[in-house]
Amino acid sequence: MLQVHFIRENKQRVLDGLAKRNFANAETIVDQVLTADENRRKTQVSLDEALAESNKLSKEIGAFFKSGEKQKAILLKEKSGQLKEQSKEMSVSLQAFSDELQGLLYLIPNIPHASVKAGNSEADNEEIYKEGSIPVLGENALPHWELAKKYDIIDFELGTKIAGAGFPVYKGKGARLQRALINYFLDKNTKAGYTEIQVPHLVNEASGIGTGQLPDKEGQMYHVGEDDLYLIPTAEVPITNIFRGNLVQESDFPITYTGYTPCFRREAGSYGAHVRGLNRLHQFDKVEIVRVEHPENSYKALNGMVEHIKDILRELKLPYKILRLCGGDTGFTAAITFDFEVFSTAQDRWLEISSASNFENFQANRLKLRFKNKEGKSELAHTLNGSSLALPRVLAAILENYQTEDGIQIPEVLIPYCGFDIIN
RNA sequence: AGAGAGGUGGCCGAGUGGUCGAAGGCGCACGCCUGGAAAGUGUGUAUACGGCAACGUAUCGAGGGUUCGAAUCCCUUCCUCUCUGCCA
């Protein structure tokens, strides 16, 4: 959520930013925000005056009762009654203006960073980096869902029986490889200074609002009606919400966490060949990194996260590229997002396996996550996160790219974690 | 899930209808004291919104109510603790 005073003081900048996202009706909504804000402030001034008068009267009434001047007190009581009615009306309209303002602010996405190009869809994303060589596979190379069946390491039908499509069952060496990846990622992250943390997999409504999943995108999350909880779509939600409402010290920065969680996504509206196998699931595993940073340091931190993820992909020896998402493809809450894609050779396509974003103070404003700055004032912090990494597509790429006549070789760095070096 | 107790500032804790944004302590900051430190001592120390500012308003888990006036009384709700039940 953008801050109202920021919009008030930087209207053109906001409009230019929204234009990069191809955000419809930007000018209308921004004007509505400014009007609601002005109404809110005006109303608050009159309400404050009425309440101040009320408070004054109450004190006088008390004094008159004490000194036994009942008549005077009764007179003032009448006056106070009238004031009370007025202030009640005003506080109702103040609430209405505040709600209206809040509702409008929830509709406005984050303003893209200067380096983010305008664009509508993934076709407009910019490739900014590429590394690794694409392996040459034999004639009879198989896509990962065939390999999974051939070596009996992932059973999609069984998952369908137990839960539904998009809930695979990992078996034997497949399950072991999953666990190896989780451990390897967590070890890499903790070595890079991130503190490992285990968090709830269900969150309340306030948490969903804090990181930006609510009120808009309920449809993407599984909801447990009985208890009004949401299954997390990513560890970003519980981890970032650790800091909801917090006032941290400047000396606490950088705050860095890593956590493994399963992620649950309804993926309403997804269909077609691209969702085959591990490409798109309702439940998948992911290791996430989250940072809370001083605003002056957040872009340096983002760069560090990108380098860290590069290092992991290099170790796994997977060919990958990095995209800077265009305005239209950048998520609602992010100011900038770098997507990492690995090449899945047998499918002959790139798969997104990580996304690293700087939210600047957009989430922090929703979370009310602040720090005391050098002047002793509280200021919104910056939040960032990235996947390091999302498991299924890494697994898909490993299965496909490392397949040989004899079986699937295990990337060297994972062998100690797996306890075997080939799946056959 | 049932019964009882409770939720007050960064922390502990007093406060049962009026001058209470809230005593006292701890912690923290700055000063004095000291060769330096500890101890001692003095002062300061919540957040949000509005206002150029002086300042005003709101906030004692949250929401509503009673009252001229609520941290204090009433209702609802969330959370914590103890006991009972159930259970990995």
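A, B, ... follow the sequence lines: proteins, then strands. Residue 1 opens every chain. We use all heavy atoms of the structure for the numbers below, so side chains are in, but hydrogens, waters and symmetry mates are not.
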Handout entry: Carboxylate-amine/guanidinium proximity below 4.0 Å for A:Arg41 and A:Asp37
Key = yes

Practice task
Please measure how far the C1' atom in B:G7 lies from the corresponding atom in B:C11, and state the result in whole Å.
Solution key: 15 Å

Handout entry: B/S/- contact track for nucleotides 53-68 of chain B, protein heavy atom under 4.0 Å
Key = ---BSS--------BB

Completion exercise
Of all heavy-atom pairs linking A:Glu267 and A:His282, the shortest is CB-CE1, 4.1 Å

Exercise for the section: Only one of A:Ser357, A:Ser355, A:Ser387 passes side chain to side chain donor-acceptor pair (under 3.5 Å) with A:Asp339; say which it is. Expected result: A:Ser355

Completion exercise
Contacts satisfying salt bridge (Lys or Arg N to Asp or Glu O under 4.0 Å) that involve residues 234-256 of chain A (not counting sequence neighbours) are A:Glu250-A:Lys374

Problem - Integer-rounded Å distance: B:C49 C1' and A:Asn365 CG - result: 14 Å

Using atom names, set out every protein N or O paired with an N or O of nucleotides 45-48 of chain B below 3.5 Å, distance rounded to 0.1 Å.
from	atom 1	to	atom 2	distance (Å)
B:U47	OP1	A:Lys372	NZ	2.2
B:A48	OP1	A:Ser378	OG	2.6

Handout entry: Residues, nucleotides or ligands: over 12 heavy atoms within 6.0 Å of A:Lys310 NZ
Key = yes

Taking only distance into account, with no hydrogens and no angle test, what donor-acceptor pairs under 3.5 Å do side-chain atoms of residues 152-160 of chain A form with protein atoms, sequence neighbours excluded?
from	atom 1	to	atom 2	distance (Å)
A:Asp152	OD1	A:Lys171	NZ	3.0
A:Asp155	OD1	A:Glu157	N	3.2
A:Asp155	OD1	A:Leu158	N	2.9
A:Thr160	OG1	A:Phe156	O	3.0

Please table the atom pairs, donor to acceptor, closer than 3.5 Å between any side-chain atom in residues 98-115 of chain A and protein atoms at least two apart or in another chain.
from	atom 1	to	atom 2	distance (Å)
A:Ser98	OG	A:Leu94	O	2.9
A:Asp99	OD1	A:Gln95	NE2	3.0
A:Gln102	NE2	A:Tyr106	OH	3.1
A:Asn110	ND2	A:Thr333	O	3.0
A:Asn110	ND2	A:Phe359	O	3.1
A:His113	ND1	A:Ser115	N	3.1
A:His113	ND1	A:Ser115	OG	2.8

Fill in the blank from the handout: Base-paired stretches in RNA chain B with three or more consecutive Watson-Crick or G-U pairs, both distances under 3.5 Å, amount to B:1-7 with B:78-84, B:10-12 with B:24-26, B:27-32 with B:40-45, B:46-50 with B:55-59, B:61-65 with B:73-77

Exercise for the section: May I ask you to evaluate whether A:Arg41 reaches the phosphate of B:G51, defined as a side-chain N or O under 4.0 Å from OP1 or OP2? Expected result: yes

